[in-house]
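Below: one structure, written as structure tokens.
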Number of protein chains: 2
Amino acid sequence: MRQNPTLKKIAERLNVSISTVSRALKDHPDISPETGRKIKELAELLEYDPNPYAVNLRTHSSREFAIVVPSLSNFFYHSFIGSIEEEARIYGYSVVIYRSSNDAKIEQEILKSCRHKRVSGIFIAITSETDDMEPFLKMDVHGIPVIFFDKVPQYESCNKICVGDEHAALLAAEEIIRKDIPNILGIFGDPNMSITRARLQKFATVLQQNGSAVHLKTVHARSSAEAEQITLSLLPEWMDKKFAVFCMSDEILAGAMKAIQRKGLRAPADLGVIAISDGMIPLLFYPEITYAETSGSKLGKLAFSRMMRCIAGSSFAQTIIDESKLVVGGSI
Amino acid sequence: MRQNPTLKKIAERLNVSISTVSRALKDHPDISPETGRKIKELAELLEYDPNPYAVNLRTHSSREFAIVVPSLSNFFYHSFIGSIEEEARIYGYSVVIYRSSNDAKIEQEILKSCRHKRVSGIFIAITSETDDMEPFLKMDVHGIPVIFFDKVPQYESCNKICVGDEHAALLAAEEIIRKDIPNILGIFGDPNMSITRARLQKFATVLQQNGSAVHLKTVHARSSAEAEQITLSLLPEWMDKKFAVFCMSDEILAGAMKAIQRKGLRAPADLGVIAISDGMIPLLFYPEITYAETSGSKLGKLAFSRMMRCIAGSSFAQTIIDESKLVVGGSI
DNA sequence: CTGAAAGCGCTTACAG
DNA sequence: CTGAAAGCGCTTACAG
């Protein structure tokens with residue numbers, strides 16, 4: 001079992017002190033070019049890399065970010081993670097991903113471990129159970145910035161980066177108006193979620209403001225299966241009208257599409273379909289579903305730059321809302 | 001910025017030595033019950049937790065597993081990760097997830113960082129570019145076990161845990177035979193991937209052995225879009241026969257289904273559809289697609305127990321194949 | 001039963 | 001320009 005090379009080994013081989021090696025390797029100006037070159041050559045040869053545990057113990061900094069998400073099965077999070085990783089690489093930080101499984105207890109454990117490992121910062125989408133801000137405030141006391149994204153707490157003074165629920169709902173509603181569709185079945189998620197309230201409220205308002213008498217029926221589904229059931233039971237009474245189905249999320253879209261397929265209906269001939277989505281499910285159908293996209297990668301960029309500002313010392317808490325964009329498929 | 005409590009702080013407050021505190025906290029038999037109790041009480045109160053960097057520097061062990069996957073957008077990996085996390089928790093290990101983005105260079109960096117962090121072990125699904133075994137052998141030299149899963153190298157003497165490609169292909173072929181379908185369009189992935197060769201070979205063999213003259217046409221697609229294109233161009237000539245489409249993966253299924261929808265065909269009336277899948281895409285359609293499932297969570301359990309055996313000292317390299325199971329939808 | 005001491009691998013203020 | 005020394009927080013063989 002071979003050991004990794006250390007400063008000491010390099011120092012011994014070159015008959016210099018450990019301090020000198022350490023300095024040479026970080027291009028300290030004091031070191032003579034000659035010595036510096038020799039040391040770096042040998043380090044290269046030996047594939048030296050500092051022991052991160054020793055460095056951290058000494059410097060109290062890990063140059064490592066943690067991303068905590070409730071679940072991995074989510075395109076939105078993938079693109080968020082991807083863009084954080086990309087940015088982090090540029091700044092010389094590494095990224096570790098943790099999954100809370102939407103379990104507040106596991107989330108706590110992860111936070112604790114992040115604290116002990118003195119990560120440089122945490123990006124977190126909280127679980128739906130999370131109601132205690134204390135662990136997060138504790139991170140702050142320890143000087144570890146926390147950026148909440150997507151699923152954020154109610155608590156005011158913290159950094160939050162969210163998708164623009166209102167804006168996405170607005171885009172979808174506008175598209176429906178543009179297509180001049182008079183009847184709309186809006187399928188929304190759990191009415192207790194803030195995201196549901198925001199999307200529903202905006203969606204309804206925009207349609208109403210349009211003046212022309214649109215008929216909007218809204219229903220709530222807590223799961224894909226429920227969305228399927230509801231859609232299935234409602235479709236018969238809508239089939240002879242000109243109408244569209246609006247799905248506020250991918251989960252709901254999946255259920256609704258199953259019901260629509262089951263009834264043998266096809267968009268856009270038999271009905272219009274439009275959704276708010278992270279961008280993968282809509283592409284599985286033909287024609288592709290038109291949707292207002294909530295983009296994780298842009299959110300990631302925003303979150304990252306906020307993080308860097310926190311690390312640089314900004315203690316000012318901020319809520320950033322990212323705007324959505326309409327991706328036109330052929331379903332409406 | 002508050003500091004985490006240390007052994008020293010506890011020792012000072014209790015007027016004992018650091019050694020005593022350290023021992024008490026790990027229930028060393030030498031410590032008197034009285035002292036032990038006092039120390040543990042204070043530690044509890046102060047929420048003491050050992051600094052993992054110091055521990056590692058001292059002991060050379062991290063009790064942390066790394067999971068490296070090319071991509072996160074994969075149900076199979078989610079369930080694999082989930083089951084590793086579950087097992088690890090039981091044994092007191094933590095798990096960090098890394099994403100190589102299917103980029104061999106990034107994969108190398110991750111491996112290097114795992115080596116320096118002296119993770120206790122690595123579970124890895126390699127990128128499609130990975131061709132150099134050297135970094136993996138190096139892990140071995142450093143005493144870090146590597147368990148390959150799903151995407152594994154050709155290299156013989158290493159630990160591999162794979163889905164049963166042959167078995168999955170067999171199940172799909174048998175279902176086709178059972179349904180008595182004479183014409184089969186088999187859509188496979190990149191012919192250079194071992195997974196493609198294994199699935200194709202078995203699928204073809206089983207169909208041939210069936211005796212009755214089945215007609216199998218096989219094509220290869222490197223992406224979802226390509227699968228769509230190919231399916232689209234071939235469908236016309238098949239439409240007047242009784243036939244089935246077999247998709248060797250989710251990616252291909254997604255493309256093929258788009259073409260099928262585009263042509264206005266519906267399973268099982270107009271054609272049969274069957275796939276090998278991780279289990280999410282088939283559920284988006286109505287009727288649900290029948291598929292041979294490759295289950296990540298069972299693979300995770302197998303990989304984990306192999307890992308524990310490696311840690312316990314087994315140097316015996318082993319290849320484990322997990323069997324598949326048929327999930328019947330209504331598409332064939 | 002308890003403590004002093006060495007050492008894991010690094011960084012950095014201090015001295016020369 | 002270079003080195004000796006202290007110290008980050010822990011563990012553990014050694015001594016008592």
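The shown structure was predicted, so the numbers you read here are calculated from the model rather than taken from an experiment. Atom set for the values below is all heavy atoms of this structure, side chains included, hydrogens, waters and symmetry mates excluded.
In B/Glu44, the CD atom is not crowded: 12 or fewer heavy atoms of neighbouring residues, nucleotides or ligands sit closer than 6.0 Å.
Annotation: salt bridge (charged side-chain N to carboxylate O under 4.0 Å, His left out) contacts involving residues 90-99 of chain A, sequence neighbours excluded, comprise A/Arg99-B/Glu85. Judged as a salt bridge (charged side-chain N to carboxylate O under 4.0 Å, His left out), not a single pair has a partner in residues 144-158 of chain A (not counting sequence neighbours). Judged as a ring-ring contact (aromatic ring centres under 6.0 Å, His included), the pairs with a partner in residues 81-115 of chain B (not counting sequence neighbours) are, in order, B/Phe65-B/Tyr93, B/Tyr91-B/Phe304.
Between D/dG3 and A/Thr20, a contact under 4.0 Å exists linking OP1 or OP2 to a side-chain N or O. OP1 or OP2 of C/dC10 sits under 4.0 Å from a side-chain N or O of A/Tyr48.
Residue B/Leu57 places its side chain closer to D/dG9 than to any other of D/dG3, D/dG9, C/dG3. The B/Leu7 side chain lies nearest to D/dC10 when the options are D/dG3, D/dC10, C/dT12. Checked against D/dC10, C/dA4, C/dG9, the side chain of B/Ser17 finds its nearest nucleotide in C/dA4. Side-chain proximity of A/Arg118 to the nucleotides D/dG9, C/dG9, C/dG3 is greatest for D/dG9.
Side-chain contact annotation: B/Asp103 with B/Thr127, donor-acceptor N/O pair under 3.5 Å absent.
For the pair B/His116 NE2 and C/dC8 C1', the interatomic distance rounds to 16 Å; values are reported in whole Å. What separates CZ of A/Arg63 from C1' of C/dC10 is a distance of 16 Å, to the nearest Å. As a whole-Å value, the separation of A/Asn15 CG from D/dT2 P is 13 Å. When rounded to the nearest whole Å, the span between CD of B/Glu12 and P of C/dG3 equals 13 Å. One can place CG of A/Asn56 at 9 Å from C1' of D/dC8, the figure rounded to the nearest angstrom. If you measure from atom NZ of B/Lys8 to atom P of C/dA4, you get 13 Å, rounded to the nearest angstrom. Distance CZ (A/Arg37) to C1' (D/dC1): 16 Å, rounded to an integer number of Å.
Remark: A/Phe75 pairs with A/His78 by the ring-ring contact (aromatic ring centres under 6.0 Å, His included) rule, at least two apart or across chains.
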Under 3.5 Å between N/O atoms: give me all the protein pairs with nucleotides 13-16 of chain C, atom names plus distance.
from, atom 1, to, atom 2, distance (Å)
C/dA13, N6, A/Arg23, NH2, 2.2

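When base pairs are accepted only as Watson-Crick or G-U wobble with both N-N or N-O distances under 3.5 Å, DNA chain D takes part in stems of 3 or more pairs at C:1-3 with D:14-16, C:5-12 with D:5-12, C:14-16 with D:1-3.
Note on ring orientation: taking the six-membered ring where Trp is involved, the planes of A/Phe149 and A/Phe80 are parallel (angle under 30°, cut-offs 30° and 60°).
Considering NE2 of B/His116 and CG of A/Asp49, their distance stands at 4.0 Å, rounded to 0.5 Å.
Under the 4.0 Å criterion applied to side-chain N and carboxylate O atoms, B/Lys105 and B/Glu109 are not assigned as salt-bridge partners.
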